[in-house]
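Right, one structure below, let's go through it.
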There are 2 protein chains.
Amino acid sequence: MTTEHAPASGRPTLEQVARVAGVSRATVSRVVNGEATVDPRLRELVEQAVTATRYVPNRAARSLVTGRTDSVALVVSEPDTADAAVPAAGALADPVFGRTVTGLLREFGPRGVQLPVHHAADEASRERLLAHLGQGHADGVVLLSSGPADPLAERLARGPLPLVLAGRQAGALPASYVALDQRAGGALAAVHLLERGCTRPAVVAGPPSGPGADPAHRERCDGFRGVAAERGAAEPPVAVAAADTPAAGADAARRLLAADPLTDALFATTDLLALGALAALRDAGRRVPADVAVVGFGDDAAVGAEPGLTTVRRPVEEMAAETARLLLRQIDQRGQRAPSVIFPPTLTVRATA
Amino acid sequence: MTTEHAPASGRPTLEQVARVAGVSRATVSRVVNGEATVDPRLRELVEQAVTATRYVPNRAARSLVTGRTDSVALVVSEPDTADAAVPAAGALADPVFGRTVTGLLREFGPRGVQLPVHHAADEASRERLLAHLGQGHADGVVLLSSGPADPLAERLARGPLPLVLAGRQAGALPASYVALDQRAGGALAAVHLLERGCTRPAVVAGPPSGPGADPAHRERCDGFRGVAAERGAAEPPVAVAAADTPAAGADAARRLLAADPLTDALFATTDLLALGALAALRDAGRRVPADVAVVGFGDDAAVGAEPGLTTVRRPVEEMAAETARLLLRQIDQRGQRAPSVIFPPTLTVRATA
DNA sequence: TTGTAGGCGTTATCAA
DNA sequence: TTGATAACGCCTACAA
C-alpha cells in the first residue's frame, strides 16, 4: 500500500531515486556526492535512476545539514551618498560592477555557486546586511568597495566569513584582496608618451576628496611622475580636478595649458577627465595627438570618445575571476587566508596618443 | 542536566529564543512571521528575546518546509556573443544592468528577498540555468534580455516560474513586462527640437542588425518622425548607422550633412551615436547647438560628453522597481499573471539642444 | 491564544 | 560497502 502522499512540489527526492534504484537513501547520497566507497554496480544503478527521475539535489535540505550554502555574497558598498553630489549614478551603474560580475560568474557559474548581490549604501542596509551574513546565509563575501575607508570592510574583515576585497587593497585590514597596480598604470602611460617623443607632459589628476575621490588617483599620478623623473623628462605639472567629470577635467586641462602653452602630452587619471581634457584642447585649437597627445585611465568612458581614446586598461574580468578563485580556496580551507594578488594594467592604444 | 550539545555554528535558533522568552518555538515563529494571533505581552517578550539573541531566521530551514526560497533570479541574457564584434563588453557592462540591479534591490532588499545573478550567454549556460531554475531554486525570474528574439525568454515563459521581462515587451510570449515607451521618447526629442525653432531635423538611427541592433531604434525614429509630420516640419531624412558606436554615428551624421547642408537638428537614437554626431559636427565646423542642435537617447554615455548632451532619459531604476513589485505580486498570487507596464521617458536638457 | 509534535530532503554517524 | 537512524532549523496542523 504505497501511500504516496505527494510532496506538493513534484520534484523527485533522494527517497524516490532510492526506491527506483532499489537501494537506500544513503547510497544514493553517496553516489550523488561522488564518494569513492560504493560498489560500481550499485553506482551504475543509481546513476540510471538519477537520470530517469531527473533528480537534482535540494539545496535547502543540503544546506540545512551541511551548514554550507553554495553561495557567495557580492556586496557593493559605497559611502553614504546622501550628501554626495552624485544622485542617481552610484557604484552599481559603473561598468566596473558589471564587468566584475562577469568575471565572478565565470568561476562561480560552472561550480553551481550562487551570487546574490547586495547594495550597502546607508546605515540601515549595512546593518541588515551584516545581520544577514552573520546568520550564515553565504559561504563567503566579495566586497566591491568604492571608498578607501569603508566601515563595512572593517566589520566584515573582523567577522568569521571568508572575505576578499575586489579592486582595492586591504590596508591594515586582515583580508586578502585583488587589486590593480595603479602606479604601473601611470608608468605605462608615461613610457608611451615619452617614447612617442613628448617632452613636456602634464597630469590631470582626480580629486583627493569629494565626488570621484580615490587614493588611486595619486598612485597613478606618482607612477607617471616616477617614470618621467627616471627618464629625465621635465617634472610634469599636476592639476587637480574638482571632481571626476569631463567638465572638471576640461577645467584642469585649461589651467595646465595656460601655465605652460608648450605642453605636448596630457595624462588624465580617469577616462572621464581625459574626455574633458580632449574638449578643452579642441576649444583651444590644439590638434590631438599632433600637438598634444592624451592618455586616459580605465577604458570605461573610452568607448564614448571619437576619435578613440588611448587609455590604460584594467583587466577587471580577470581580476574578478581571480577574486572568485581566492575566495573559493579560502572557503575550502576553512578561513585560512589566501594570498593577495596585484594585477598589472595594459595600455590600449587608440587615436589620441 | 542541560546537555547543550553545541550546534557547531554558534548562531541562535528558534529554540534558543524560545527559551530566553520563556515560550514555545511555535510562538516565536508566529511573532517572527508577523502573525496576528499572539498576545501583545508575549509578543513583546519574544521581540526582546529576538534582539537579545540577535536571532535571524535560517533561510535553508525555512525554505525546506515552506517550499519558497525568498530569492529571485536575475537573468541577464544575451545572444551568443561568439560571433558578435563586441568582445569584452557584453550586457553586464552596460550601465543599464547596474541601474536595474539598483532598482530591483530597492524593493527586494527591505523584504529580505535575495537577488542571485545569472548570465546566459551560450547554450551551455542556458541549459545549466534552466535546470537550476527548474529545480525550484528561485521563486521567480527577472529576465533582462538584450535581443528581441531570445530563446531563453520563450522557454522561461512556458515554464512554471513567475516571470517578468525587464525593459522589453513580451511580443507573443505569455509573460508580463516592464518596458519603455520608445516612440514617446522620439516624440519628446522632436517636440523639443521643433519648439527650439529647428526646421530641418534629421535622424541618426541605430542598426537594424549587427552590433547594437535593437527594434527600439526604429520605434524611437518613428516617434520622432511622427511628431515632425504632425507639426508640418520637413520630413526628416534618416541615416542608419552601421553599428551602435560613435564612429558609426559620426559617419551617419556626415552623410546627413552632405545630403542637406542646411540640417539644423540631429536626433540620434542612442547616446553613443550622438557622441559621434557631435564629433562630426565639430569637424565640419558647425557650432552646437547654434548651427545644429543635437539630442541623444539613453542618458548613458551622456555623462561623457563635454559640453553636456541633451538626451532622452529612461527611468531605469523606477522601471526595475516596478518590475520587482510586479514579480512579487505574481509570486504571491501563485502565478496569476500581472499586468504589464510601459514607462514614459523624460527629456534631460543639457547643452547640445 | 498557546504548545506539542511531525515532517520537509539531505548528510552523517553508526552498526551490520 | 551498505543501510538504519538521528539530526539540521523551521513551519504548521492539531490539540489543549
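The model shown is predicted, which means the values in this text are computed figures rather than measured ones. Order of the sequence lines sets the chain letters (A, B, ...), proteins ahead of strands, with each chain counted from 1.
Pairing each heavy atom of A/P12 with each of A/Y55, the nearest pair is O-CD1, 3.5 Å.
Out of D/dC10, D/dT1, C/dG3, the shortest distance to the side chain of B/T13 is found at D/dC10.
The CZ atom of B/R68 sits 14 Å away from the P atom of D/dC10 (whole-angstrom rounding). We find that CD of A/E15 is positioned 10 Å from P of C/dT10, with the value rounded to whole Å. A/L64 has its CG atom 12 Å from the P atom of C/dT10, to the nearest Å. C/dT10 atom C1' lies 14 Å from atom CZ of A/R59, rounded to whole Å. Between B/D70 atom CG and D/dC11 atom P the separation is 10 Å, expressed in whole Å. B/L45 has its CG atom 11 Å from the P atom of C/dT2, to the nearest Å. Taking atom CG on A/N58 and atom C1' on D/dG9, their separation rounds to 14 Å, with Å as the unit.
Contact check, A/T37 against D/dT1: no side-chain N or O comes under 4.0 Å of OP1 or OP2.
In this structure B/R43 satisfies the salt bridge (charged side-chain N to carboxylate O under 4.0 Å, His left out) test with no other residue, sequence neighbours excluded. In terms of the side chain to side chain donor-acceptor pair (under 3.5 Å) criterion, A/R30 has no residue partners (sequence neighbours excluded). The salt bridge (charged side-chain N to carboxylate O under 4.0 Å, His left out) test applied to B/E318 returns B/R106, not counting sequence neighbours. Looking at residues two or more places apart in sequence or on another chain, you find a salt bridge (charged side-chain N to carboxylate O under 4.0 Å, His left out) between B/R325 and B/E107, B/E322.
Each end of the helix from C/dT1-D/dA16 to C/dA16-D/dT1 yields a helix axis from five base pairs, and these two axes differ in direction by 40° (to the nearest 10 degrees).
Side-chain contact annotation: B/E78 with B/H119, donor-acceptor N/O pair under 3.5 Å present.
No option in A/L156, A/V76, A/T323, A/V164 other than A/L156 meets the side chain to side chain contact (heavy atoms under 4.5 Å, CB included) test with A/L143.
Mapping A/T27 and B/V56 onto DNA chain D by nearest heavy atom places A/T27 at the nucleotide closer to the 5' end.
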Task: Annotated protein contacts, base or backbone, on nucleotides 11-16 of chain C with a non-hydrogen cut-off under 4.0 Å, one of B, S, - each - done: BBB---
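Relative orientation of the B/H137 and B/H132 rings is tilted, given thresholds of 30° and 60° on the angle between their planes.
Salt bridge absent: B/R128 and B/E123 never bring a charged side-chain N and a carboxylate O closer than 4.0 Å.
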